[in-house]
Amino acid sequence: MKYKIDIVRVRENIITINGWAVGKRPDSCIKFNVYAGDKNKIDFKLVLTRRDDVSRIYFGETVDKELGFDIRFEYKRTEDYYLVIDADGAKKTVKFNEELIAKRSSAAHKRFEKIKDLCNMETVRVSLNFLKEHGLRALYRKSVAKIKGIDSDYEYGEWYEKTKPSDEELQRQKKEVFEYMPKFSVAIPAYKTPKFFMTELIESLLAQTYSNFEICIADGSPVEDGEQDAESIAEILDRYAKKDSRVKYKIIGKNLGISGNTNEALKMAKGDFIVLCDHDDLLPLNALYEAASAINKNRDCDCLYSDEDKLDLDGGALFDPHFKPDFNIDLLRSVNYICHLFIIKRQLLDKIGMFNADYDGAQDYDFIFRACENAQKIVHIPKVLYHWRCHMNSTAANPQSKLYAFEAGARAIRAHYERTLPHIRIDGIEKGIDYGIYHTFFHIESEPLISVIIPNKDHSADLDIAITSLMSGSYRNLEFIVVENNSSLDETWEYYKSIEKKYNNVKVVRWEREFNYSEINNFGVSHASGDYLLFMNNDVELKEKDSLREMLGYVQREDVGICGCKLLYKDDTIQHAGVVVGFGGIAGHTFIGLHDTQNSYFHRAATAQDYSAVTAACMLTKRSVFDAAGGFSKELAVAFNDIDFCMKVRRLGKLIVYNPYAVFYHYESKSRGLEDTPEKMERFNRETASFIKKWPDILKDGDPYYNPNLTLRKSDFSLRDLYKEKIGEQYHIKDIEKYF
């Protein structure tokens with residue numbers, strides 16, 4: 001038996017203990033008991049939660065079992081308490097008292113706990129299994145990351161407290177009068193809602209700094225069977241309705257399901273905009289104010305969503321913030337990232353209709369799809385305006401508590417594709433890295449010729465791996481255009497002769513001028529015959545055999561201009577998983593150095609989505625798009641040419657997709673070398689200035705596919721520094737200003 005206490009928190013006279021426990025088998029029976037003082041058994045509240053990270057480490061897979069626990073009980077600071085965990089007869093006892101809790105809270109002890117956690121979880125057996133599969137360097141990186149911690153520089157609770165509106169700001173908001181004062185209808189479906197949750201929710205709404213709203217609650221609790229909870233909720237609703245005319249409610253008398261109950265609440269709504277809210281969650285005091293402000297800045301918008309975080313069971317702590325990108329259609333097709341807070345204009349609701357019970361479990365996913373498909377303008381508010389309560393029956397804590405939801409989600413995605421991309425066939429929609437994340441398999445309508453453009457200078461062994469590995473994949477209709485650029489080794493020229501003789505689909509063409517990545521690739525394209533172009537470095541090796549099919553599935557869509565892939569270093573750490581404009585001052589790759597088996601921010605590295613750019617180290621595009629964009633810009637000989645090309649393709653109205661299921665190894669710039677001479681540094685500065693001049697808006701306003709609450713200093717999507725980060729601050733402007 002293994003266990004870990006992650007968090008111990010004392011608030012007034014209540015202690016909360018969070019952790020996990022596993023037995024020898026996934027189906028081991030885990031029991032908990034709490035004793036006080038002389039070991040008298042006492043009452044406690046227990047909520048079991050998902051811990052898929054623990055599951056994967058100990059059992060090698062995600063199992064349908066709640067391995068995490070959240071325990072609460074009354075606590076007296078002068079007494080000792082004992083938590084007893086029993087797994088298949090093996091018992092572990094953990095003691096809690098004031099001294100031990102204080103020790104646990106100290107910084108030194110936190111570090112010790114991380115090391116102990118590592119020792120617990122990376123047992124000899126588990127470590128050997130990981131070592132066999134991923135190698136020693138991967139195990140070392142994983143272990144160091146666990147000891148050091150790979151999370152943000154700040155605890156989210158501290159960060160939120162320092163960034164939330166001050167009391168003075170909240171008072172100012174109450175006095176503000178917008179040019180347009182939309183009326184919001186907060187639609188809430190209720191069913192057997194705990195009294196405490198309902199009371200907290202209504203109080204959070206009535207305390208909003210923006211006052212032009214109504215609350216529409218439809219309660220589907222079965223009052224006919226005389227349950228006290230249903231009667232108590234009815235009394236609470238009635239009391240609030242008498243106290244404040246903005247509170248409206250309806251007792252349905254029976255459960256119509258989540259869609260039916262929501263639709264009853266929607267029928268009551270008379271506002272200009274509808275705000276969707278669950279019955280057990282909370283809104284921060286500025287939520288409706290921020291929505292009204294965003295609407296006034298975007299008068300043509302008819303659909304809005306915000307960032308969100310999670311709220312623990314007793315409402316005492318916030319955690320796990322989800323800072324989202326602006327509207328990202330392919331991310332939405334992979335996961336319902338929009339979720340909460342979601343606001344829809346009355347006219348748009350009338351157009352698309354209400355919730356569809358056929359998708360119960362994923363009814364909000366289907367509804368959001370239909371809303372976004374028909375919206376004139378979708379606005380993302382990059383602020384946390386929704387606290388999603390995490391408890392046993394909530395998918396926020398337990399994504400398998402409603403397994404049927406994921407099947408309904410797949411059906412919602414397929415129906416969306418049928419409405420929006422009727423000419424694209426879907427071969428399947430399967431579970432991605434986790435429940436609630438979907439992997440779409442697009443049907444390849446034909447086997448079009450893909451021209452692979454590979455610049456090369458010497459390094460014939462690497463080039464051979466690049467070519468032959470691609471030939472070994474599942475997509476075979478390929479031609480290779482090797483653009484020779486001033487190789488000096490005899491073995492390189494011998495290799496060219498042998499490869500052209502061995503394969504009739506390999507052609508070597510000569511670029512005899514100085515190195516210019518843009519011009520070399522443009523030259524290669526001039527010799528290409530395919531309708532699709534794969535730009536690939538000579539130091540790239542195919543890892544997953546279906547990678548080209550994965551990429552082509554996206555690029556064959558009319559709305560997609562480019563598809564990129566996941567690139568790994570040889571030790572299976574990430575080299576590229578999409579590009580964010582602003583990282584490192586100008587642009588950079590996401591999640592660099594994270595091991596491919598480690599979880600990224602909301603699984604972003606493992607989820608198909610749109611980005612502003614991807615790397616041309618391995619990038620697929622259409623020949624027609626390449627020509628329309630004007631190819632690569634020759635003034636960018638080395639730096640940012642691929643980012644610039646992506647920006648030009650986006651300007652055509654095309655999407656840039658990152659596909660994590662297309663995976664290659666990348667051995668990183670073996671041919672060109674480093675920027676380590678004064679001439680190369682001057683060129684780099686000149687090209688940096690050129691990029692800044694060409695694309696000032698995205699550098700000024702920020703990447704729409706990245707959230708301004710996240711840092712630009714690192715690639716791991718950690719929280720933004722509390723001091724103001726400036727895009728471009730890593731560069732010495734004096735070094736490049738002469739090029740403007």
Sorted by chain and residue number, the side chain to side chain contact (heavy atoms under 4.5 Å, CB included) partners of Glu479 (sequence neighbours excluded) come out as Leu449, Ser451, Ile481, Ala528, Ser529

By ring pair (Phe, Tyr, Trp, His ring centres under 6.0 Å), Tyr665 pairs with (sequence neighbours left out) none

Taken in chain and number order and not counting sequence neighbours, the residues that satisfy side chain to side chain donor-acceptor pair (under 3.5 Å) with His439 are Glu550

- Compute the ring centroids of Phe480 and Tyr503, then answer whether they are less than 6.0 Å apart. no

The complete set of salt bridge (charged side-chain N to carboxylate O under 4.0 Å, His left out) pairs with one or both residues in residues 599-619, sequence neighbours excluded, reads none

By side chain to side chain contact (heavy atoms under 4.5 Å, CB included), Thr607 pairs with (sequence neighbours left out) Leu331, Ser334, Val335, Ile437, His603, Gln609

Hits for salt bridge (charged side-chain N to carboxylate O under 4.0 Å, His left out) against Lys431, two or more places apart or cross-chain, chain-then-number order -> none

Contacts of Arg650 meeting salt bridge (charged side-chain N to carboxylate O under 4.0 Å, His left out) (sequence neighbours excluded), chain-then-number -> none

Taken in chain and number order and not counting sequence neighbours, the residues that satisfy salt bridge (charged side-chain N to carboxylate O under 4.0 Å, His left out) with Glu514 are none

Across all chains, not counting sequence neighbours, the salt bridge (charged side-chain N to carboxylate O under 4.0 Å, His left out) partners of Arg549 are Glu447

Taken in chain and number order and not counting sequence neighbours, the residues that satisfy side chain to side chain donor-acceptor pair (under 3.5 Å) with Gln575 are His666, Glu668

Residues at least two apart in sequence or cross-chain that pass side chain to side chain donor-acceptor pair (under 3.5 Å) with Lys654, listed by chain then number, are Glu558

The ring pair (Phe, Tyr, Trp, His ring centres under 6.0 Å) partners of His527 (sequence neighbours excluded) come to Phe523

